[in-house]
Amino acid sequence: MDTEQRAFDVMSPDCPSRSIMQRMGDKWTPLVFLALEAGPRRFSALRQDIGGVTPKVLTQTLRSLERDGLLTRTIYPEVPPRVEYELTELGATLLGPLEIVRDWAQGHAEKIIRARLNYDEISEG
């Protein structure tokens, strides 16, 4: 494993940081982070909090985030087994930026919806 310090540039097509940036911009990742903001959650609670995500897609998203070291999956030896997901220290560092994006999206949603309607009206007209 290469531990030498490297400069990363997401604008470079071959840079590994680009795939990380893409993961943060996928449809479900930010919602998983925001759902885990308050602490550990079970799969069913995450699915309910997020709304609209299929079990398959949520599982894929959680596995990818676990692989990236952004969340942990803990299995408790109970009957039936209890599984909880929690942000790692590294994952928690994304909460601040995601809160800013969420606040921006919620604060500007009306203007964007209006712009879309105007655009569609002009494009169709």
Side-chain angles (χ1 to χ4, degrees):
M1 179 181 216
D2 183 9
T3 58
E4 183 181 321
Q5 192 71 16
R6 299 192 301 185
F8 294 101
D9 177 7
V10 296
M11 300 306 282
S12 173
D14 299 326
C15 184
S17 64
R18 185 175 273 199
S19 67
I20 298 165
M21 183 91 154
Q22 288 168 335
R23 166 114 49 246
M24 295 308 111
D26 99 359
K27 183 176 182 176
W28 302 109
T29 295
L31 300 175
V32 168
F33 274 87
L34 294 171
L36 289 172
E37 181 177 21
R41 308 286 286 158
R42 295 178 76 165
F43 185 90
S44 58
L46 281 172
R47 193 159 168 246
Q48 183 177 356
D49 289 346
I50 294 169
V53 64
T54 65
K56 178 183 176 182
V57 170
L58 181 56
T59 297
Q60 290 170 340
T61 301
L62 292 169
R63 284 183 182 157
S64 295
L65 295 173
E66 183 179 12
R67 180 174 183 250
D68 289 344
L70 300 172
L71 62 78
T72 58
R73 178 178 179 259
T74 305
I75 303 169
Y76 294 92
E78 301 172 355
V79 177
R82 177 171 51 105
V83 178
E84 288 185 341
Y85 297 89
E86 183 174 17
L87 294 175
T88 62
E89 237 179 270
L90 178 61
T93 64
L94 273 167
L95 289 173
L98 287 173
E99 286 286 337
I100 291 168
V101 172
R102 175 175 67 180
D103 290 346
W104 184 90
Q106 291 175 170
H108 293 86
E110 188 174 328
K111 291 176 187 173
I112 292 170
I113 291 166
R114 195 175 318 119
R116 287 177 183 171
L117 291 171
N118 290 338
Y119 179 91
D120 291 347
E121 205 172 276
I122 291 168
S123 295
E124 293 171 2

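In this chain, residues are counted from 1 in sequence order.
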Self-check item: Residues which pass salt bridge (charged side-chain N to carboxylate O under 4.0 Å, His left out) with Arg73, listed by chain and number, not counting sequence neighbours
Solution: none

Exercise. Quick one: list whatever passes salt bridge (charged side-chain N to carboxylate O under 4.0 Å, His left out) with Asp68, sequence neighbours left out.
Key: Arg23

Quiz item: Are Val101 and Trp28 linked, directly or through other ILVMFWY residues, by side chains that come within less than 4.5 angstrom of each other?
Solution: no

Quiz item: Of the non-hydrogen atoms in Leu95 and Phe33, which two are nearest, and what is the gap between them?
Solution: CD2-O, 3.6 Å

Quiz item: Going by heavy atoms in the side chains, are Pro13 and Arg18 under 4.5 Å from each other?
Solution: yes

Practice problem: Would you mind reporting whether Leu46 and Leu62 have side-chain heavy atoms less than 4.5 Å apart? | Solution: yes

Quiz item: Taking only residues two or more places apart in sequence, or in another chain, which ones meet Pro80 in a side-chain contact (heavy atoms from CB on, under 4.5 Å)?
Solution: none

Practice problem: Any chance you could lay out the side-chain contact (heavy atoms from CB on, under 4.5 Å) test for Leu31 and Val53, step after step, and finish with the verdict? | Solution: CA-CA 10 Å; Leu31 300 175; Val53 64; over 6 Å; no

Quiz prompt | Spatial distance of atom CG (Asp103) from atom CG (Leu98) [nearest 0.5 Å] | solution = 11.0 Å

Practice problem: Sequence neighbours left out, what passes side-chain contact (heavy atoms from CB on, under 4.5 Å) with Pro97? Give chain and number order. | Solution: none

Practice problem: Sequence neighbours left out, what pairs pass ring-ring contact (aromatic ring centres under 6.0 Å, His included) with at least one residue falling in residues 68-114? | Solution: Trp104-His108

Self-check item: Apart from Met21 itself, residues in the same hydrophobic cluster as defined by side-chain heavy atoms under 4.5 Å
Solution: Val10, Met11

Quiz prompt | Interatomic distance, Leu58 atom CG to Ser44 atom OG [nearest 0.5 angstrom] | solution = 10.0 Å

Quiz prompt | For Glu99, salt bridge (charged side-chain N to carboxylate O under 4.0 Å, His left out) partners two or more places apart | solution = Arg102

Quiz prompt | From CG (Leu65) to OG1 (Thr72), nearest 0.5 Å | solution = 11.5 Å

Quiz item: Out of curiosity, Leu87 CG to Leu70 CG, how far, rounded to the nearest 0.5 Å?
Solution: 8.0 Å

Self-check item: Pairs involving residues 79-96, ordered by first then second residue, that meet salt bridge (Lys or Arg N to Asp or Glu O under 4.0 Å) (sequence neighbours left out)
Solution: Glu78-Arg82, Arg82-Glu84

Exercise. Can you see which heavy atom on Pro16 is nearest to which on Phe8, and at what distance?
Key: CG-CE2, 3.9 Å

Practice problem: Using the side chain to side chain donor-acceptor pair (under 3.5 Å) rule, collect all pairs that involve residues 113-122, keeping only residues at least two apart or in two chains. | Solution: Glu110-Arg114

Quiz item: What pairs meet the side chain to side chain donor-acceptor pair (under 3.5 Å) rule with one or both residues in residues 51-63, with sequence neighbours excluded?
Solution: none

Self-check item: Nonpolar side-chain network containing Leu117, other nodes, edges under 4.5 Å
Solution: Ile113

Practice problem: List in chain and number order the residues that pass salt bridge (charged side-chain N to carboxylate O under 4.0 Å, His left out) with Arg41, two or more places apart in sequence or in another chain; answer none if no residue qualifies. | Solution: Asp49

